[in-house]
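All values below come from the heavy atoms of this structure, side chains included, with hydrogens, waters and symmetry mates left out.
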Amino acid sequence: MFIPNLLSTESGSESIVRARIVIVEDEPDLRDAVAEYLGAAGYDVATAETAAAARSLIETQPFHLAILDIAMPGEDGLSLGRWLRSKMPIGIIYATAAGTALDRIVGLELGADDYIVKPYELREVLARVRSVLRRVPQPTEPQDGKARTDRRSVAFGSFQADLDGRLVTGANGTVIDMAKSEFDVLEVFLTRANRLLTRAAISEAIGFTEDPESSRAVDIRIMRLRKKIETDPANPKFLRTVRGEGYIFSLPTGDGN
């Protein structure tokens with residue numbers, strides 16, 4: 001089932017492309033209900049009942065966000081999510097059964113942007129979709145072939161972070177493979193460099209509610225981020241822990257936007 005565009009918006013000289021969402025869920029009633037609800041909210045929605053069907057669909061068209069059921073027959077949602085990350089920059093929300101905390105932790109470790117617990121309210125799904133899409137840059141189509149030049153950029157060490165393009169490059173322009181959830185955290189630190197940030201402040205900035213699992217999610221993202229930007233993650237140069245208080249991103253004076 002495919003639900004066409006319901007809204008068309010423009011901002012300045014750029015036409016905004018509507019967010020496209022793919023729902024992969026083996027329960028047909030739930031799948032169709034979520035698709036209809038999100039479609040009515042103005043999103044382009046496509047659905048698939050298996051990971052195999054989703055792969056075929058995704059090979060033919062790009063998406064901005066995927067809602068993946070973890071426990072599906074055949075290939076599970078976690079495996080599909082890993083494949084998705086290798087194909088395109090995309091936000092991922094995992095759906096997991098109540099009580100399966102291990103699935104949620106594994107999903108976060110694999111780069112999920114959020115998760116929802118079954119059974120869930122459709123309004124909760126919409127809220128989480130909106131939260132993730134706020135952190136996923138919406139593609140734009142410049143008019144008259146004019147590209148934007150006023151991009152925000154931050155340099156740290158041998159790295160360069162394009163905050164608008166959500167891209168990090170290392171030495172010699174090498175692109176650093178980074179999940180959106182990891183970039184979310186990096187952007188929070190780069191825009192608040194040299195300031196102590198508590199887990200609660202980080203959670204709020206990336207759209208999480210502060211609870212034990214959110215704190216764990218923040219720690220996981222920071223651990224993954226350190227592996228990508230620190231020469232020695234056990235002794236970080238940039239993203240340092242302040243014991244008992246939180247984290248601080250050390251940026252030498254002169255670096256920044």
Side-chain angles (χ1 to χ4, degrees), residues 19-22 24 51 54-55 58-59 61-68 70 75-94 103-115 131-140 151-191 193 202 205-208 216-240 247 249-251 255 257:
R20 296 175 55 79
I21 301 171
V22 60
V24 188
R55 283 174 179 259
I58 290 161
E59 290 283 10
Q61 52 190 296
F63 290 91
H64 307 110
L65 185 143
I67 301 175
L68 309 178
I70 289 181
E75 182 183 6
D76 64 25
L78 295 174
S79 173
L80 178 61
R82 287 195 298 270
W83 177 80
L84 268 172
R85 288 290 193 205
S86 73
K87 299 295 290 184
M88 64 183 71
I90 188 170
I92 293 179
I93 298 175
Y94 284 118
D103 281 346
R104 295 197 292 275
I105 292 171
V106 171
L108 290 169
E109 289 175 341
L110 292 176
D113 295 284
D114 206 344
Y115 62 86
S131 176
V132 171
L133 286 175
R134 278 196 296 269
R135 310 195 297 270
V136 176
Q138 297 303 298
T140 57
R151 305 183 79 91
R152 296 175 301 148
S153 182
V154 180
F156 57 102
S158 62
F159 298 97
Q160 188 79 27
D162 177 351
L163 299 184
D164 293 316
R166 294 176 68 84
L167 181 72
V168 179
T169 53
N172 303 317
T174 304
V175 176
I176 307 302
D177 182 19
M178 192 168 292
K180 284 181 172 58
S181 56
E182 296 162 5
F183 193 94
D184 290 341
V185 174
L186 178 61
E187 183 175 17
V188 169
F189 282 114
L190 291 180
T191 55
I202 299 168
I206 62 177
F208 282 170
R216 170 65 174 156
V218 167
D219 291 339
I220 289 172
R221 284 161 167 75
I222 288 174
M223 176 184 67
R224 292 203 315 260
L225 191 55
R226 279 175 172 160
K227 290 179 180 178
K228 298 182 178 182
I229 65 172
E230 299 285 1
T231 304
D232 180 3
N235 297 284
K237 170 185 176 183
F238 301 114
L239 216 173
R240 299 186 293 107
Y247 299 94
F249 196 97
S250 298
L251 199 63
D255 284 4
N257 346 356

Between Tyr94 and Asp114, does a side chain to side chain contact (heavy atoms under 4.5 Å, CB included) hold up when you go through it step by step? CA-CA 7 Å; Tyr94 284 118; Asp114 206 344; over 6 Å; no
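- Take Arg240 and apply the salt bridge (charged side-chain N to carboxylate O under 4.0 Å, His left out) test, not counting sequence neighbours, and it matches no residue.
- Looking only at side-chain heavy atoms (C-beta outward), Thr169 and Ile176 stay at 4.5 Å or farther from each other.
- A 4.5 Å side-chain heavy-atom check between Trp83 and Ile58 finds at least one atom pair inside the cut-off.
- One side chain, Tyr247 or Asp219, offers a donor N or O that lies under 3.5 Å from an acceptor on the other.
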Any chance you could lay out the side chain to side chain contact (heavy atoms under 4.5 Å, CB included) test for Ile67 and Val22, step after step, and finish with the verdict? CA-CA 6 Å; Ile67 301 175; Val22 60; over 6 Å; no
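- The backbone N or O of Ala234 lies less than 3.5 Å from a partner atom in the side chain of Asp232, making a donor-acceptor pair.
- Nearest approach of Ala161 to Val168, heavy atoms of both residues: CB-CG2, 4.2 Å.
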Run the numbers on His64 and Ile90 for side chain to side chain contact (heavy atoms under 4.5 Å, CB included), then give the verdict. CA-CA 5 Å; His64 307 110; Ile90 188 170; 5.8 Å; no
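- Glu230 places a side-chain N or O within donor-acceptor distance of the main-chain N or O of Lys237, the cut-off being under 3.5 Å.
- Across every non-hydrogen atom of Ala155 and Leu251, the tightest pair is O-CD1, 3.6 Å.
- In this structure the side chain of Leu186 never reaches within 4.5 angstrom of the side chain of Lys228, judged on heavy atoms.
- In this structure, the side chain of Ser79 does not engage the main chain of Glu75 through any donor-acceptor pair within 3.5 Å.
- Of all non-hydrogen atoms in Pro233 and Thr231, the two that sit nearest each other are CD-O, 3.7 Å.
- Looking only at side-chain heavy atoms (C-beta outward), Leu190 and Phe156 come within less than 4.5 Å of each other.
- Ile93 CD1 to Leu133 CG: the interatomic distance, rounded to the nearest 0.5 Å, is 7.5 Å.
- With respect to Glu182 and Arg224, a salt bridge is recorded, a charged nitrogen being found less than 4.0 Å from a carboxylate O.
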Report the C-alpha separation of Ile92 and Leu68 in whole Å, then their side-chain angles, then the decisive distance to 0.1 Å, and conclude whether the side chain to side chain contact (heavy atoms under 4.5 Å, CB included) test is met. CA-CA 7 Å; Ile92 293 179; Leu68 309 178; 4.0 Å; yes
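- Put simply, CG on Leu80 and CZ on Arg82 are 10.0 Å apart, with the number rounded to the nearest 0.5 Å.
- Proximity of Met178 to Arg166: side-chain heavy atoms (C-beta onward) are nowhere separated by under 4.5 Å.
- Atom-to-atom distance recorded for Arg226:CZ and Asn235:CG is 10.0 Å, nearest 0.5 angstrom.
- Proximity of the aromatic rings of Phe238 and Phe189 is defined here by a centroid distance below 6.0 angstrom, and this criterion is not met.
- Remark: Asp113 does not engage Arg221 in a salt bridge, criterion side-chain N to carboxylate O under 4.0 Å.
- Side-chain atoms of Phe183 and Leu163, non-hydrogen and from C-beta on, do get closer than 4.5 Å to each other.
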